[in-house]
Amino acid sequence: MRLFSALLLFFAAAAVPASAQPVAFGSADDLAELGSGTRPRDRASAALYLGPAYLPDDWRAAARAEAQALRGRWSAGLGATVHSGDGGLYGPEADEWYDLARAVRYVRYNATTGDRAYARLGPPEHVSLGAGALVRQFRTTTAWDERTVGLEAAAEGRTVRAAGFASDVLRLDGVVGGELAVQTAAGLGPVRGLGLTLAAVHDLDRPGLSGDSSLTGVEVTVRGDFRGAGPLSLRPFATHARYLGRGSTWGGGLEVGSDNLADALRARASLAVFASTSGFVPGHVGPFYALNNGQERIVDDASFYADGEPELAGTPLDSLSSGVDVVLDVRLLAFGRVEVSQYLRRHVGDQRASGYGLRLAGRLPGDGRLEFAVERQDFGGVLDLFRDLGQLNSLVLDVQVPVGRYGAAFVRSRYGYRRLTDDDGPAYAGGPARFLVERRFEPMAGLRVSM
């Protein structure tokens, strides 16, 4: 509690009073993108970087170009890195037409105070729905060379909010989902302003609405506000979610925070408990879903390099037995400046199905940026976070720092995954995709101009 209070005071002091706060959905308030902060001013920048790069298991030459601009309510960012390979470019990033589209970091239509509408084209990275029972922090960037160009949008008024996403709008496949929230004046005892949120998600790559080869989920959540909570809201909630033809969960908890505290800060902390049947785990459509979903799977790296048939990592949804999950979720955002978020889901059951996420991000002077993010699944108790890595892990460290008037430094370190191909063996020439751990390190320096 002392740490929470200290961080709250620090962020409130660091933030600039705002004329418009970003909508709380997807990447709307992502500090790495122009237009996500407050008091936006029209500007543009471009940069070119050169340097070495380590991926995978070899050092290569690398060149990166990026540009971003903000004008009015529109902002856009482009960025692409090419690496040397055998006889040309590194194959996975230059072997299909979709690689050109992956140069789109984002194209955004940003919210204002009077018109609370937001839309974004680009790789999904921070999408959650409802109470997070179905979708939590879904992204397609965990396997970097396989990221997709998706679409997310949200609009909100005083009593109604609607939001939705599609993970791949160019190939018209992948995951789609949305939510509709309605706020009422109804009350129940000391709880006022009861609201209802309906959410749904569907995997277009798995046909049908219900069955062994499909994935369709629905979620309903009821929230309210305790009277007399002051500037912070105290919101109990209850939720029920189900995958059609599979398992379900009942959950409830308490959320404390504010979407706009002193016109400078967004803060939220929630504690929840979910009791699930077999075939369900909260947040299944999350950071690893795009590459570990029952069809596509992650390969155990130790068994991949050993003799014999490689083993698959993680526990498929259909193999999960019933269990209880305790969730602690904390997020602090100083508009346009700093973000600290942490998520812990402790699974009590027969499988190693706990989850953890941490993100530290900030904007540096001169449109510099810093991001450190960790996601983990496939572990047991909390102590396993420090002693047993498991196979479902990702780590991102991105740093961009202006140096002098025209110089810049760029460092990216990623612990993610790559898709296995027939070069890795005939078993990966066809059929469902398989992914293997990939480690990248790209320190570069170059020139940068701002306008």
Side-chain angles (χ1 to χ4, degrees), residues 32-33 46-68 76-107 121-125 139-151 167-174 205 290-291 296 298-299 301 304 371 394-400 408-448:
E33 300 180 4
L48 177 63
Y49 302 95
L50 298 173
Y54 181 82
L55 77 157
D57 303 326
D58 196 8
W59 284 98
R60 308 169 185 270
R64 176 174 177 81
E66 65 176 45
Q68 58 181 351
L78 303 175
T81 305
V82 293
H83 303 86
S84 62
D86 295 336
L89 298 177
Y90 176 59
E93 63 191 15
D95 60 351
E96 58 178 338
W97 68 267
Y98 207 107
D99 289 320
L100 295 174
R102 292 186 175 107
V104 177
R105 287 179 52 210
Y106 61 90
V107 178
L121 186 73
E125 293 198 78
R139 68 191 62 178
T140 64
T141 58
T142 305
W144 183 248
D145 289 329
E146 303 300 318
R147 64 194 184 278
T148 60
V149 178
L151 176 67
S167 69
D168 192 343
V169 295
L170 298 184
R171 293 182 292 207
L172 300 178
D173 57 14
D205 292 331
L291 56 156
E296 292 82 10
I298 293 172
V299 176
D301 60 335
F304 178 80
E371 177 185 9
S394 71
L395 182 147
V396 174
L397 174 63
D398 272 3
V399 182
Q400 179 179 293
F410 176 87
V411 177
R412 170 173 289 166
S413 179
R414 286 184 176 271
Y415 184 103
Y417 299 84
R418 68 178 179 89
R419 183 170 182 165
L420 294 171
T421 67
D422 53 359
D423 292 337
D424 299 291
Y428 307 110
R434 296 291 181 256
F435 295 87
L436 187 69
V437 166
E438 177 189 65
R439 299 167 180 84
R440 295 187 175 208
F441 180 60
E442 301 169 284
M444 290 180 273
L447 300 176
R448 180 178 179 276

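- Ala103 approaches Ala80 most closely through the heavy-atom pair CB-CB, 4.1 Å.
- For the pair Arg418/Pro92, no side-chain contact is recorded, criterion being any heavy-atom separation below 4.5 Å from C-beta on.
- Taking CZ of Arg412 as the start and CD of Glu371 as the end, the distance is 9.0 Å to the nearest 0.5 Å.
- Side chain of Arg102 to main chain of Arg147: a donor-acceptor pair is present (N/O by atom type, distance under 3.5 Å, no hydrogens or angles).
- At distances below 3.5 Å, at least one donor-acceptor pair connects side-chain atoms of Arg105 with backbone N or O atoms of Ala32.
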Show, in sequence, the C-alpha distance, side-chain angles and deciding distance for Phe435 and Thr142, and conclude whether the side chain to side chain contact (heavy atoms under 4.5 Å, CB included) test is met.
CA-CA 10 Å; Phe435 295 87; Thr142 305; over 6 Å; no
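- Minimum interatomic distance between Gly150 and Pro124 (heavy atoms only, all atoms of both residues): N-CD, 4.1 Å.
- By the 4.5 Å heavy-atom criterion applied to side chains, Tyr98 and Asp168 are counted as neighbours.
- Between Leu291 and Glu146, the closest side-chain pair of non-hydrogen atoms is not below 4.5 Å.
- Considering only heavy atoms from C-beta on, Leu170 stays 4.5 Å or farther from Thr148 through its side chain.
- In this structure, His83 and Tyr90 have perpendicular ring planes: the angle between them is above 60°, well past the 30° mark.
- Atoms CD1 and CZ, from Ile298 and Arg434 in turn, are 11.0 Å apart once rounded to the nearest 0.5 Å.
- One distance of note links CG of Leu89 with CG of Asp95; it measures 10.5 Å at 0.5 Å rounding.
- At least one donor-acceptor pair under 3.5 Å links the side chain of Ser84 to the backbone N or O of Ala61.
- The 12-atom threshold is not exceeded at CG of Asp86, counting heavy atoms of other residues, nucleotides or ligands nearer than 6.0 Å.
- One finds the OH atom of Tyr106 at 9.0 Å from the CG atom of Leu78 (value rounded to the nearest 0.5 Å).
- Here the shortest heavy-atom pairing between Ala94 and Asp99 reads N-OD2, 3.3 Å.
- At least one side-chain heavy atom of Gln400 sits under 4.5 Å from a side-chain heavy atom of Arg448.
- Between Tyr417 and Val437 the shortest side-chain heavy-atom distance falls below 4.5 Å.
- Proximity of a side-chain donor or acceptor of Arg440 to a complementary backbone N or O of Ala53 within less than 3.5 Å is not detected.
- The one candidate from Asp398, Leu397, Leu395 that meets the side chain to side chain contact (heavy atoms under 4.5 Å, CB included) condition with Arg414 is Asp398.
- Scanning both residues, Arg60 and Gly85, for their nearest heavy atoms gives NH1-CA, 3.6 Å.
- Nearest heavy atoms, Val299 versus Phe304: CG1-CB, 4.0 Å.
- Across Leu420 and Leu436, no two heavy atoms sit closer than the pair CD2-CB, 3.8 Å.
- Taking CG of Leu55 as the reference point, atom CG of Asp145 lies at 7.5 Å (rounded to 0.5 Å).
- Note on ring orientation: taking the six-membered ring where Trp is involved, the planes of Phe441 and Trp59 are perpendicular (angle over 60°, cut-offs 30° and 60°).
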